[in-house]
Every structure is written in C-alpha cells, then in structure tokens.
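Heads up: the structure comes next, in structure tokens.
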Amino acid sequence: MEISSKENAQLFSNNTILPVDRSSFKSESSTSKEKQSCCGGIKIFLGALSFVYFAKALSGSYLKSTITQIERRFDIPSSLVGVIDGSFEIGNLLIIVFVSYFGAKLHRPRIIGAGCLIMSAGTFLIAMPQFFMGRYQYERFPSTINSTVSISPCLQEKSQTPLSALEKSQAKINAGCEKEAGSSMWIYVLLGNLLRGIGETPIQPLGITYIDDYAIEENAALYIGCVQTLAIIGPIFGFLLGSLCAKLYVDIGFVDLDSITITHKDVQWVGAWWLGYLIAGVISVLAGIPFWFLPKHLPKPESRKDSSTSSEQSKFITQDNKEQQKSYQPQMKFAEMAKDFLPSLKNLFGNPVYSLYLCASILHFNSLIGMVTYKPKYIEQQYGQTSSKTNFVIGLINIPAVAFGIFSGGLIMKKFRINVLGAAKISLGSSFFGYLLLLSLFAMGCENSDIAGLTISYHGTKQKVDNEQGLLSECNLGCMCSQNDWDPICGENGITYISACLAGCQASNGSGKNTVFFNCSCVGILESPSRSSSAVMGPCQKGNECPKMFLYFLVISVITSYTLSVGGTPGYILLLRCIKPHLKSFALGIYTLAVRVLAGIPAPVYFGVAIDTTCLKWGSKRCGGRGACRLYDSSALRYMYLGLTLVLGTVSIFFSIAVLWVLRKKSALQDETLSANGERDTCVTKSRKDNFVNSDHLIQTTYWPEKETRL
C-alpha cells in the first residue's frame, strides 16, 4: 500500500502539470496526421496493387481464351497444351519460396515492380513465334480454292486430275514438310509462360501481406476483397480481348484476307492469338511503374502499434517472447534469416488449421483450374459455339459473377464483423452449394452431331466407330479418298461428311466459302432419286435442342461461379489470422507454392489427357503423325470434364469440414482460458480501483489489452 500510494502521488503530480495537457493535444494532432498519411499511403498501394492484379489476370485469362487457337496453330493435342498452361506454375515454383521468405524482409514494392517487368517480357515472348513461323495453312480441297480449274472431289481415276493441280498439291505438301520445324515453336510459348510465372511470383505474397501489415485490422478484409474483385475485371477484358482477336485471321496484315476461304465459324479457323499478348505485355509494363516510387514501410495504424498480433490472431496462435523480439528487429542479416528457415517451416506445418486448409485448397484448385482451363473448349465442342462467341460469353457473363461473389465475401466479413470461425463456415458453405449446383450440369448437354462414319452410319443408323475404317462405305469406295483429311461438308440430309470426297460428290460449283457440291452418292443414299444430293461447305449445325441447353448451361454456370467465389475472401482471412505475424509472407508463399505445384501444374495436364481420350477424329500433320483433335464425343467429354471436376471438389469439402472442426475445438478451449483469466483480471481491476479512486484520468491513459476489438 505504501509503494502504490507513492507511485500514485508521483503520477498524479506529473499529470497535473499544464504543459502535459498541451503535449497531449499535440500528440493527438500528430496522431491524426499520421493516421491520414497512413490511410493515404495504403490506399495508393492498394490502387497500384489492384492494377497489377488486373494486368496479370488479363494476360492469364487471355492465355485461357487462346487454348484452342494455340492447339490448332501448332497442331498439338490438349495434353501438350496443358503442359504449356502449367509452365506458368513451374516458373512460379522456381522462386516462390525465396521471394516470399526473403522478400518480406526487403523492399517489397520494388520487388513487385521488378516482377512486372519480367512478366511483360514473358508475355512478349509468347507472341514471337508468329513472326518467325510460316503462314498458317488449313486443309482444303483444291476445288474450293479460287481457281479456274474445276476438279471433281471424287477422284475415281488419277488421270481425272490435271497434272498441274497434282503438282501444286504435292508442292504444297513438300513446302509444309520443309516448315514442319516451325510447329516446334510452341516451345517459345512455353518459355514465355514460364517467364510470366517468375514475374508474377512476388505480387500475391508480398502485396497481400503489405496491406495486412499497414491497414486497419477491420478494413483488411475489405481491402483484400477489393483487390481480388478488381483483379476479376482483368479476366473480363482478357476474354473479351480473346473474343475480338478470335474473329481476326491469324495472319492478318501478312496475307490478303480476300483469299481466305474459311470463316471464324470453321473448325480450322485460327484467330490472331498473338495480337492480345502484345497488348497484355504493354499493360504489364505500365502496371509496374508506380511500385518503384512507393516506400518500403508505411506508418502502422494506432490499433496495431501496441501489439504484434491482432486480437483475432491471439485467439488461435501463441507466441513466445523470443519470437516477438525477433519479429520487431528492424534488419536481419541474410545468414540469420537462412538459419531460421527450417524452424519457420516446421512451425508453419505444425499448425493443424494451416495444414488442413492447405490440403482443402489444393484439391479445390485442382478442380477449378482444370475446369477453367478447358471451359472454352468444352463450350465449343459440347454446344457447337465458335471460339469468339465462347470467349465473349465467358468474359461478359461468367467472370462478373465471380467478381461479385468475391466482393460479396469481403463485404459480408466486414459488415457482420465475422471472426475466423465464421470465415471457415462461409468457405465451407460456398464450396458445398457450388458443387451441388455443378451436379445439375450433367443433364444439360448436347448429343453428338450426325457425322457419317463416326457417330452415324452412311445408312443413317446411330453408331460410334473407334477406328477410321468406318469412314469408307460402298458409296465412296470408288473414290481415291484420304481418311486423314478434315474438310467437313453438310449434306442436304442434315448429316455432316468429313470431306467432299468421302461424301462421293462428283461435281462442284463456285469457289471458296460459296462452294456447292453436287451428285454426292453418299448423300443420295438417304434421299429420294429425284433429289439432287447436294452439299455445302462446313459442318451441319447441332440439334434444335442444343441452343436451349446452352442457355440453361449459362444460367447454372453463372450461379455456380458466384456461389464458389463467395468463399474466396473468407478463405484468405482464415489463412492470415491463424498464423503468426512474422510468418504471414512465408505462409502465403508456401501456400502459393503448394497450390502451384500440386494443382496449377498437374491439373491442366491430366485434364487434357482425360479430354484427349474422348476424341473421335484426330487430325494429321502434313508430314505424318497425329495432330490436334478435330471432333470429340460429346457425351464422353461431358462426363469426363464435369465428373473429374466434381470428384476433386467433393474431396476438398471433407478437408474443409476438418478445418472447421479444429477451429471449433480451439475456440472452445480458448474461451475457457479467457473466462478463467477474466475472473482473475476482475479482482485485480477492483483492487486498482480502490487504490486510484481519485485518479480517473490515469485509467484512461493506461493501455489495457482488453481494449482490442475483434475483426
């Protein structure tokens, strides 16, 4: 009592001096100025980071929109396209651990700026093969090319074809073989995407943690939600840019467009895929400029100056004094940082919430990455849509639903002040209902198109032929037809034939896109003798029910995308709040690394391999060998694509349930501890009130840990 009274008298005398009151006013004004500068700095960084997210999302989504264009241009299967798509994750894998661990202790904004320059260089490299390869050559029967020579599609005798035409055809094949090495230039696309992955590495772990370190705790969720929402605008423009470029011919500016005999609706059409990469590269350069002028550190908000952990974090993690002192050291030597690497890694994976959530995310992203990568191909093959329309629909309808879902998740977190346990519930609920909606898409597919020799016989009976011998029939045995060609025509009986020769057509009229074939013996099998048995260029349209199914697919797809995206921001908050503050950048880096290695790299590859198993008709390269797939089995493609997505998503839900169970258990134990400590603190507070009954102002100037508020 004697000591406490002395302390009380001393403190009272110090606080009764007039200048102290003035200094307190000065401190309040300086605090307000500091708060304004803090808010201004974090908002500038927030805007710059949002633009970078926009740039990287635009180039990434544009790559997804050009998957089928690259496949046709380089004449490669879907599995190889999956390897090209996964090279981005390989580049990320190479340096993600070092960037996330050491980058957090260096100048984070400048590291992000350097990453933008590397990312733009990779984007430019992807477009380079267009300027070194030969012009794109598609399969066309000579009679469809603008020429004065009329050639019969059904070559019953070799002498029927003029020697000049045969020589020209053979010369074209030889020229194609000489330029066959150009098809291996897809390696440059792979290397460019690899470089994009290296440049993108520091953006997420360093950018998100920078916001979480210097933003007010209750605003962190909203800021992260805003960044992710604005990042979704990138894919909108990416797919719309892909839609625009898909309508432009691949060699635009290099050839006379009037000589092109195919349209953007043709399955052999390749758009100006390279043009969008040049635009995306310029945007990436511009996005990196502001980061070179941002400071290494920002002033921390008042609510975070008194403690190294947030109140939400302190509920689920424990931190000893040594780690607190280590986290407050202004600078650490490289050797000390390296020595602390393995203990930090062990500490991270010793957290059960982090480990379980990591497993759930890996499976969840396997499902989403595979689905998003091949969604344009699925829509094109399943519903008979063009590449341009597919990209337009995804960019204008599907992606905004994802943006609205991510923003809704962040808004819900802020408005209802949801804690970690609530974030886990939202994340689990969005996954459950999202995959439940995805299940209904199995009933919204189209039947196979009627293609003679593949899905239907020449006599009109339904069949499915696994080998190409079914392409030959009595009606075309007299013709010298190649079974490797893919130059489809539509008979007036509504059946598609792989080529005019296999349809047994004896004559043709017109040239280019307007060519009409007559006296087609295979078409006449199902027609009356009085009909002319004619056919026109291009495949027949899918069944009448297909446009309606496509509309249903779009509606369910939009709702599913929104539902799955609502859990995005709560999942980020769950990740950030359940790890120690000095390990945040490292934890996000390991999280990104695991997702890249175990989801981003393998998912496009094995999804592509699975999709290739549903191919009915493979293209052939000019000098032999299998090229890109021309036709897929619609039913098999639907069950393979949706089934693989649903299985992976379902398994991830079980891990999310385990995360929620662990959090509930920890929360219950912590509440018991807090209640026990609360009773003891009440007694201490009561005794302090008895001692300082006449010094109310002292209580106001003393820091109390209980004043911290939860997120």
Taking the six-membered ring for Trp, are F239 and F392 ring centroids under 6.0 Å apart? no

Mind checking whether V189 and N193 have side chains closer than 4.5 Å, heavy atoms only? no

Are E380 and T386 close enough that a side-chain donor and a side-chain acceptor fall under 3.5 Å? no

Give the minimum heavy-atom separation between E447 and S634, together with the two atoms involved. O-OG, 4.0 Å

Should we count OH of Y249 as having more than 12 external heavy atoms under 6.0 Å? yes

Looking only at the aromatic ring of each residue, does the gap between the centers of F124 and Y277 stay below 6.0 angstrom? no

Where do C479 and G504 come nearest, in terms of heavy atoms and distance? SG-CA, 4.3 Å

Y53 six-ring centre to K56 NZ/CZ under 6.0 Å and within 45° of normal: yes

From the options R638, K617, Q382, K377, select the one residue that forms a side-chain hydrogen bond (donor to acceptor under 3.5 Å, both in side chains) with Y632. K377

N/O donor-acceptor pair under 3.5 Å between S430 side chain and V566 backbone: no

Between R135 and F254, is NZ or CZ placed under 6.0 angstrom from the six-membered ring centre and within 45° of the ring axis? yes

Quick one: does T563's side chain have a donor or acceptor within less than 3.5 Å of a partner on G434's backbone? no

When the aromatic ring centroids of Y188 and F132 are compared, is their separation below 6.0 Å? no

For G643 against F442, the heavy-atom pair lying closest together: N-CZ, 3.5 Å

Can you find a pair of side-chain heavy atoms, one from L564 and one from F433, that are under 4.5 Å apart? no

Examine distances only and state if a side-chain atom of S440 and a backbone atom of L436 form a donor-acceptor pair shorter than 3.5 Å. no

Keeping the roles fixed (side chain from S87, backbone from L190), state whether a donor-acceptor pair exists under 3.5 Å. yes

N448 vs I456 side-chain heavy atoms within contact, under 4.5 Å: no

How about C520 and Q506: do any of their side-chain heavy atoms sit closer than 4.5 Å? no

Walk me through whether S499 and D487 qualify under side-chain hydrogen bond (donor to acceptor under 3.5 Å, both in side chains). CA-CA 5 Å; S499 67; D487 189 10; over 6 Å; no

Can you establish whether the number of heavy atoms outside Y552 located under 6.0 Å from its atom OH is more than 12? no

Of all residues at least two apart in sequence or in a different chain, which pass the side chain to side chain donor-acceptor pair (under 3.5 Å) check with S565? none

For the backbone of P604 and the side chain of T373, can you confirm whether one donor and one acceptor N or O come within less than 3.5 Å of each other? no

Full working for ring-ring contact (aromatic ring centres under 6.0 Å, His included) between Y562 and F404: CA-CA 7 Å; Y562 171 79; F404 187 55; 5.4 Å; yes

Residue pairs, two or more places apart or on separate chains, that pass salt bridge (Lys or Arg N to Asp or Glu O under 4.0 Å) and touch residues 82-91: K64-D85, E89-R596

Can any side-chain N or O of S65 pair as donor or acceptor with the backbone N or O of Y62 at less than 3.5 Å? yes

Check whether any side-chain heavy atom of L63 lies under 4.5 Å from a side-chain heavy atom of F88, and answer yes or no. no

What is the ring orientation for Y497 with Y458, classed by angle as parallel under 30°, tilted 30 to 60°, or perpendicular over 60°? tilted

I369 and G600 have their tightest heavy-atom pair at CD1-CA, 3.7 Å

Could you please spell out the steps behind the side-chain hydrogen bond (donor to acceptor under 3.5 Å, both in side chains) verdict for S508 and T515? CA-CA 7 Å; S508 63; T515 303; over 6 Å; no

Can you tell me if CZ on F237 sees more than 12 non-hydrogen neighbours from other groups inside 6.0 Å? no

Please tell me whether T390 and Q385 have a donor and an acceptor in their side chains that are separated by less than 3.5 angstrom. no

Between D612 and S79, is there a donor-acceptor pair closer than 3.5 Å when you use the side chain of the first and the backbone of the second? yes

Say whether, by atom type as modelled, one donor and one acceptor occur between the side chain of T496 and the main chain of C540 under 3.5 angstrom. yes

Would you call Q381 and I611 a side-chain contact if the rule is heavy atoms closer than 4.5 Å? no

Ignoring hydrogens, what is the shortest heavy-atom contact between A535 and I489? Give both atom names and the distance. CB-CD1, 3.6 Å

Sidechain-backbone polar pair: W274 side chain, V250 backbone, donor-acceptor under 3.5 Å: yes

Do we see a donor-acceptor contact under 3.5 Å between the side chains of D633 and T614? no

To the closest 0.5 Å, what do you measure between CD1 (I236) and CZ (F54)? 9.5 Å

When every non-hydrogen atom of M119 is compared with those of E200, the smallest separation belongs to SD-CB, 4.0 Å

Could you tell me how the ring of F550 sits relative to the ring of Y383: parallel (under 30°), tilted (30 to 60°) or perpendicular (over 60°)? tilted

For residues T455 and D450, is any side-chain donor paired with an opposing acceptor at under 3.5 Å? no

What I want to check is whether the side chains of Y435 and S367 have a donor and an acceptor closer together than 3.5 Å. yes

Donor-acceptor contact below 3.5 Å, side chain R72 vs main chain W269: yes

Is there a side-chain hydrogen bond (donor to acceptor under 3.5 Å, both in side chains) between S557 and N398 once you walk through the steps? CA-CA 7 Å; S557 180; N398 210 269; 2.7 Å; yes

